[in-house]
Protein chains: 2
Amino acid sequence: MMTSSPITIEALVVLDAIEFRGSYAAAAEQLNKVPSALSYIVQKLEEQLNVTLFERQGRRSVLTPAGKHLLVEGRKVLSAMNTLSEQTQTIANGWETKISIACDSILDITPVFSVVGCFLEEHQNIEIDVQEEVMNGSWEALIEDKVDLVIGAPAPVPIQKGIRAIKIGELQQVLVVNKNHQLAQIKQPVNTLELAKFRSVVVHDSAQHEIPRTVNIIEGSRHFYVTSLNQKIAAITAGVGIGYLPKDLIQSLVENGELVIIALVDELPPQDLFIAWKITNKGKGLLRLRNLLSSHFS
Amino acid sequence: MMTSSPITIEALVVLDAIEFRGSYAAAAEQLNKVPSALSYIVQKLEEQLNVTLFERQGRRSVLTPAGKHLLVEGRKVLSAMNTLSEQTQTIANGWETKISIACDSILDITPVFSVVGCFLEEHQNIEIDVQEEVMNGSWEALIEDKVDLVIGAPAPVPIQKGIRAIKIGELQQVLVVNKNHQLAQIKQPVNTLELAKFRSVVVHDSAQHEIPRTVNIIEGSRHFYVTSLNQKIAAITAGVGIGYLPKDLIQSLVENGELVIIALVDELPPQDLFIAWKITNKGKGLLRLRNLLSSHFS
DNA sequence: TTGGTTTGTTCAAAAAATTTGAACAATAAA
DNA sequence: TTTATTGTTCAAATTTTTTGAACAAACCAA
């Protein structure tokens, strides 16, 4: 006879709120409860688990290591629960109540939003949640069911069955530097090996669990890590280092002279960009959205 | 305001039991309830989710596709919940669920793994995560709490209170070059100042935030940066430059004549290697692992 | 076909749980 | 010091859940 875990969803929600808001009082307000109700729920959990989760420090309660662990892992469970109920409703109704999209930050998001706008016009009661990811971060989000659709994820498509990807365009990346950078003085085209001398600006992969992949990282050179494409542009513009950027994105900065495009002996081939989804995902909204995207981008 | 999922653990347990036993009646018996109680719970879930989970076929209830999905995924959540409560209790008892170790790549990792193997034999449900770091990278990982233990980190121990380090051995580094390298022709012992003429191969410090520190870097010379010790060996073997390497590690390459050890006027003192941890970290698993390591390495 | 069973559901009553608000002690801020 | 805020306790109020009897549907065997 397998005795089920004493942890309830309710309790995890309460734990989450207490940590998030910083006090029982504030958490109670958020949950439309009264502080004593939370006290009751926490105590029940502590008793059934036989573990103290909060240590009272003065008039403030602070999580014990065990409590912290329960919270951190519990939040993952809560998130899984949310996607589970979304998925269940989607299967039952055919249409989803919410569609989550990951957009790779390498992509200009404006035309995507205009298509999404059309979709929302058609389907007033579907919510859309867009998040920005970098490189493997978008694939990871798809694989882990954090999103239903990724837009603009770069090749290679993960070798994993159950993922369908179609190309929606390609992106020409060029090497750019600040106008005063040493590299701007050298006569072009430059050999790729020469680049090893300079510090390069790299966007840190947003993937958390998968082995981060790095493309276009200039081998052997020193790196400067940033966490978004905008930071990368800013860093290069500020002269911190060199790096590859999408040609379209830096057009204006090149025109006003801030950035200089460096010609290479071996020009990078254009990078393929994909939209991708799981074939197990049969949602009608997803299908419709994909069709809209395909017809706007080809 | 994020509204939490209507699915409860209780409901998932009921769903699981109904499917497993094949009927409400049998499931009720298993759960020490009465059939009507299960009926109530299922109906509540169906209502709140606005999804029918069971289709009544004759006197028997059968899962709809949505119900099947909820059950299959729900079982994963249930299992996660069980391990979560176990883990929480484990932590409360002073043990850890996972121990992260940084190994300096200068160290031969094989004997470490054999000790870790013993430890895992004793503690089947503790996970171990080993990562390789270089120079300050391992100290940084410890300071920033990315790992619980570093093994084989080189002196000096960071002057920072809260870190305990004990020496586990020393490492003799020698200067080596490819057999055809210019330096191999000069009469030995060589004065350290002479080395400035040659390009030296340097492992890039894996530290990200601290100011990277460089030991054994030949001052003033030109550098070639690589990202791992293996790359360093390969680069030196290929004749790209000169560099210091642990004596034991290049024994075979010296014997077959590929590499040549260069005697120096001022021979490097042997470098002390440490295991280190934070004294705030009171984990019993860490203590046990440290004891195992100490007894195997001294 | 016809009884005898078994199944899940419904319902009102009973039991158990959660929630509430007032009172309180401990602490921090003024 | 006073004042305000925090989390806890407790009995009462409220809500939720459980119960068992009654019931209708469906299966089974003869």
Side-chain angles (χ1 to χ4, degrees), chain A residues 1 3-64 66-68 70-71 74, chain B residues 1 3-64 66-68 70-71 74 78 81:
Chain A
M1 166 80 75
T3 164
S4 158
S5 153
I7 307 171
T8 73
I9 294 299
E10 170 80 307
L12 289 180
V13 170
V14 168
L15 226 62
D16 172 60
I18 293 175
E19 206 270 355
F20 180 61
R21 299 299 300 267
S23 75
Y24 279 49
E29 188 193 29
Q30 174 177 330
L31 300 174
N32 298 313
K33 303 226 158 125
V34 99
S36 56
L38 304 195
S39 194
Y40 171 76
I41 291 176
V42 171
Q43 278 178 23
K44 188 174 60 131
L45 179 57
E46 285 186 321
E47 185 187 341
Q48 299 197 326
L49 215 47
N50 196 29
V51 164
T52 57
L53 301 171
F54 285 100
E55 203 76 52
R56 282 164 256 316
Q57 277 189 5
R59 72 184 183 190
R60 207 154 213 90
S61 285
V62 67
L63 285 166
T64 62
K68 184 76 191 168
L70 180 57
L71 175 65
Chain B
M1 165 80 77
T3 163
S4 157
S5 152
I7 308 172
T8 72
I9 295 298
E10 169 81 307
L12 290 180
V13 170
V14 167
L15 226 63
D16 171 59
I18 293 174
E19 206 268 357
F20 180 61
R21 299 299 298 268
S23 74
Y24 279 49
E29 189 193 28
Q30 174 178 326
L31 299 174
N32 300 313
K33 306 229 157 120
V34 100
S36 57
L38 303 197
S39 194
Y40 171 77
I41 291 177
V42 171
Q43 278 177 24
K44 186 173 61 126
L45 179 57
E46 285 186 321
E47 184 188 340
Q48 298 197 327
L49 216 46
N50 197 27
V51 163
T52 57
L53 301 170
F54 284 101
E55 204 74 53
R56 331 273 177 255
Q57 277 188 6
R59 74 184 181 188
R60 210 155 210 87
S61 284
V62 68
L63 285 164
T64 61
K68 183 76 191 168
L70 179 58
L71 175 65
L78 286 179
M81 278 303 218

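Letters A, B, ... are given to chains in the order of the sequence lines, protein chains preceding strands, and every chain is numbered from 1. Keep in mind that this is a model prediction, so the values were computed, not measured.
- Note that the CG atom of B:D16 and the CD1 atom of B:I9 stand 11.5 Å from one another [nearest 0.5 Å].
- Atom CG of B:L63 and atom CG of B:L70 lie 9.0 Å apart (nearest 0.5 Å).
- Between B:S39 and the phosphate of C:dT9, there is a side-chain N or O to OP1/OP2 separation shorter than 4.0 Å.
- In this structure, CZ on B:R56 lies 5.0 Å from OG on B:S61, to the nearest 0.5 angstrom.
- Looking at residues two or more places apart in sequence or on another chain, you find a side-chain contact (heavy atoms from CB on, under 4.5 Å) between B:S23 and B:A25, B:A26, B:R60.
- Sorted by first and then second residue, the salt bridge (charged side-chain N to carboxylate O under 4.0 Å, His left out) pairs with a member in residues 32-42 of chain A read A:E10-A:K33; sequence neighbours excluded.
- In this model, the phosphate group of D:dG7 is not approached by any side-chain N or O of A:R60 to a distance below 4.0 Å at OP1 or OP2.
- A search for salt bridge (charged side-chain N to carboxylate O under 4.0 Å, His left out) contacts involving B:R21 returns B:E29, not counting sequence neighbours.
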For nucleotides 12-14 of chain D, which of its nitrogen or oxygen atoms have a protein nitrogen or oxygen under 3.5 Å away, and what is each distance?
none

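- For the helix from C:dT1-D:dA30 to C:dA30-D:dT1, the terminal axes (five pairs an end, C1' atoms, rotation from four pairs onto the next four) enclose an angle of 40°, given to 10 degrees.
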I'd like a table of donor-acceptor pairs (distance under 3.5 Å, sequence neighbours excluded) in which one partner is a side-chain atom from residues 37-54 of chain B, with atom names and distances.
residue	atom	partner	partner atom	Å
B:E46	OE2	B:L53	N	2.6
B:E46	OE2	B:F54	N	3.2

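- Checking the phosphate oxygens (OP1, OP2) of D:dT8, a side-chain nitrogen or oxygen of A:R56 falls inside 4.0 Å.
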Using the side-chain contact (heavy atoms from CB on, under 4.5 Å) rule, take A:T8 and B:T8 through it: C-alpha gap first, then chi angles, then the decisive distance, then the call. CA-CA 7 Å; A:T8 73; B:T8 72; over 6 Å; no
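- Between A:L31 and A:A17, the shortest heavy-atom distance links the atoms CD1-CB, 3.9 Å.
- Look at A:K44 and you'll find a side-chain N or O under 4.0 angstrom from OP1 or OP2 of C:dT18.
- Rounded to an integer number of Å, the gap from A:E47 CD to C:dA17 P is 11 Å.
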Does the protein touch nucleotides 19-30 of chain C at the base, only the backbone, or not at all? Give it as B, S and - per nucleotide, heavy atoms under 4.0 Å. BBB-----BS--
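- Computed from coordinates, the B:L45 CG to D:dT17 P distance equals 12 Å when rounded to whole Å.
- The CG atom of B:L31 sits 15 Å away from the P atom of D:dT17 (whole-angstrom rounding).
- Atom pair B:Q48:CD and D:dT16:C1' shows a separation of 12 Å (rounding to whole Å applied).
- Taking 4.0 angstrom as the limit, A:Q43 places a side-chain polar atom (N or O) nearer than this to OP1 or OP2 of D:dT9.
- A heavy atom closer than 4.0 Å to some atom of DNA chain D occurs in no member of residues 12-19 of chain A.
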